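The block underneath contains the structure these notes are about, expressed in structure tokens.
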Protein chains: 2
Amino acid sequence: MSDDSDDPLAERTLDSRLAFEGVFLRLFVDHVQSADGHQGTREYLRHPGAVMIIPLLDAEHVLLERQFRYPLGRSIVEFPAGKIDPGEPPFECARRELLEETGYTARRWSYLGGLHNAIAYSDEKIEIYLAEDLERTGDATLDAGETLEVFEAPWHQLLEWVRDGSVTDVKTMRGEWPRRPPSDAAR
Amino acid sequence: MSDDSDDPLAERTLDSRLAFEGVFLRLFVDHVQSADGHQGTREYLRHPGAVMIIPLLDAEHVLLERQFRYPLGRSIVEFPAGKIDPGEPPFECARRELLEETGYTARRWSYLGGLHNAIAYSDEKIEIYLAEDLERTGDATLDAGETLEVFEAPWHQLLEWVRDGSVTDVKTMRGEWPRRPPSDAAR
């Protein structure tokens, strides 16, 4: 996967094997040689990438979701998000996911940046978009087995949930940063 | 994994199978029944949890690392972090990782909160600690094959790296929040 001779910390791939291929996840096991000469094993997921959308209803309100997240065994408050389809540009994915999950379209889009969420074992990158000037154009069209609730919340409520530990999804926590209410900026 | 009858979005486990067990990762494939009655598959990792430490050298400087992250094929700037050993309390893990990776101990520790970093396919939770009143008590003692560089950086430099996209590791991005320099708070 890497042979970056300019990086003194780089690890060299000796061999790579697809160890699990499911409907959703692909897990690889590679043998590598580290910079100190030691040989070892690296286990990791290859992920197609994802997007998250921060839908601003107005200056004071956002659209959020409550979705059951099976690995955690409970429902989680988060911004709309989804996996990028093969060959799909990230921005198209963002428009699609916002419409599918919430029924909203946006007239104004801004790209806010990307983040790596699990660098120890996944190459996933999540691209974050701000969606403004929203219009509800229909109902959400979920996949079979996909159940989520969409709700409106004041921006300050999200910040409070992040502060008190009610919101722990890190991409959604990251979503607090484009807007800070006066009370927060003044701290 | 879950049978939370109070949650209208809950998914019910029909069966669960360990599909991959490596040195580092354990991957499960479960059959579930969703709230809409649809039956489907859930693929996910079970993770022992991790810690991240924000080591404050003084009011203006932090300790950071540059570590090769194989899944991304390059070195990443991040705060010290590590996986919790079986039975290890998270705070003990934080003290151990700070010492092992940097050679520093801290006289003052604060727990800043936890985050879930990959809710679609992992139960990993990262607990974040602030370490202050630091003392260098020795050299880092890394595992074989673990190569990283430790360096000091001004706090405002980290904030700048987050803003310009040089730092994309989300746990480290999250680390910007306990302290904001005056120039940032005044925006």
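Here is how names work: the chains are called A, B, and so on, in the same order as the sequence lines, proteins then strands, and each is numbered from 1. Just so you know, these numbers come straight off a predicted model, no measurement behind them.
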What one should report as the nearest heavy-atom pair of Ala120(A) and Pro71(B) is O-CG, 3.8 Å

Under 4.5 Å from any heavy atom of chain B - which part of Ala81(A): neither

Greatest number of non-hydrogen atom pairs under 4.5 angstrom with chain A, of Ser75(B), Ala118(B), Gly40(B), falls to Ser75(B)

Using a 4.5 Å cut-off on heavy atoms from C-beta on, say whether the side chain of Ile119(A) contacts that of Thr168(B). no

Between atom CG of Leu25(B) and atom OG of Ser122(A), what is the distance when rounded to the nearest 0.5 Å? 10.0 Å

I'd like to verify something: which residue of Gln33(B), Glu124(B), Glu43(B), His38(B) has the highest number of heavy-atom pairs under 4.5 Å with chain A? Glu43(B)

Same cluster or not: Leu45(A) versus Ile84(A), using hydrophobic residues (I, L, V, M, F, W, Y) connected whenever any side-chain heavy atoms lie under 4.5 Å apart? no

Out of curiosity, does Leu134(A) fall in the hydrophobic cluster containing Ile53(A) (side-chain heavy atoms, cut-off under 4.5 Å, transitive links)? yes

Is Asp123(B) reaching over with its side chain to a backbone N or O of Leu72(A), donor-acceptor style, under 3.5 angstrom? no

To the nearest 0.5 Å, how far apart are CZ in Arg74(A) and NE2 in His116(B)? 5.0 Å

Give the member of Tyr121(B), Phe20(B), Phe28(B) that has the highest number of heavy-atom pairs under 4.5 Å with chain A. Tyr121(B)

Select, from Glu146(A), Gln67(A), Lys125(A), His47(A), the one with the greatest count of heavy-atom pairs under 4.5 Å involving chain B. His47(A)

Under a 4.5 Å cutoff for heavy-atom pairs, which residue among Ile76(B), Thr41(B), Thr172(B), Leu27(B) has the most contacts with chain A? Leu27(B)

With rounding to the nearest 0.5 Å, note down the distance linking CE in Met173(A) to CZ in Arg174(B). 4.0 Å

Starting at CG of Leu9(A), measure out to OG1 of Thr147(B) and round the result to the nearest 0.5 Å. 5.0 Å

With a 4.5 Å cut-off on side-chain heavy-atom distances among I, L, V, M, F, W and Y, is there a chain of contacts connecting Phe151(B) to Leu57(B)? no

Under 4.5 Å, counting heavy-atom pairs only, tell me which of Glu78(B), Lys83(B), Gln39(B), Arg69(B) racks up the most with chain A. Arg69(B)

Heavy-atom proximity to chain A below 4.5 Å, by part of Leu148(B): backbone

Determine, using the 4.5 Å side-chain heavy-atom cutoff (strictly less than), whether Leu115(A) and Val170(A) are members of one ILVMFWY cluster. yes

Is it the backbone or the side chain of Val32(A) that comes under 4.5 Å from a heavy atom of chain B, or both, or neither? side chain

Hey, could you give me the CZ/OH distance between Arg12(A) and Tyr70(B), rounded to the nearest 0.5 Å? 11.0 Å

If we ignore hydrogens and angles and just use 3.5 Å, is the side chain of Glu11(A) paired with the main-chain N or O of Phe68(B) as donor and acceptor? no

Atom CZ of Arg42(B) and atom CZ of Phe24(A): how far apart are they, to the nearest 0.5 Å? 9.5 Å

Going hydrophobic residue to hydrophobic residue with side-chain gaps under 4.5 angstrom, can you get from Trp109(A) over to Val51(A)? yes

Given the options Asn117(B), Ile126(B), Val162(B), which has more heavy-atom pairs under 4.5 Å with chain A than any of the others? Asn117(B)

Compare every heavy atom of Gly145(B) with every heavy atom of Ser34(A), then report the nearest pair and how far apart it is. OG-O, 3.2 Å

Minimum-distance pair of heavy atoms, taken over all atoms of Pro8(B) and Glu149(A): CG-OE2, 4.0 Å

Give, as side chain, backbone, both or neither, the part of Val29(A) having an atom under 4.5 angstrom from any heavy atom of chain B. side chain

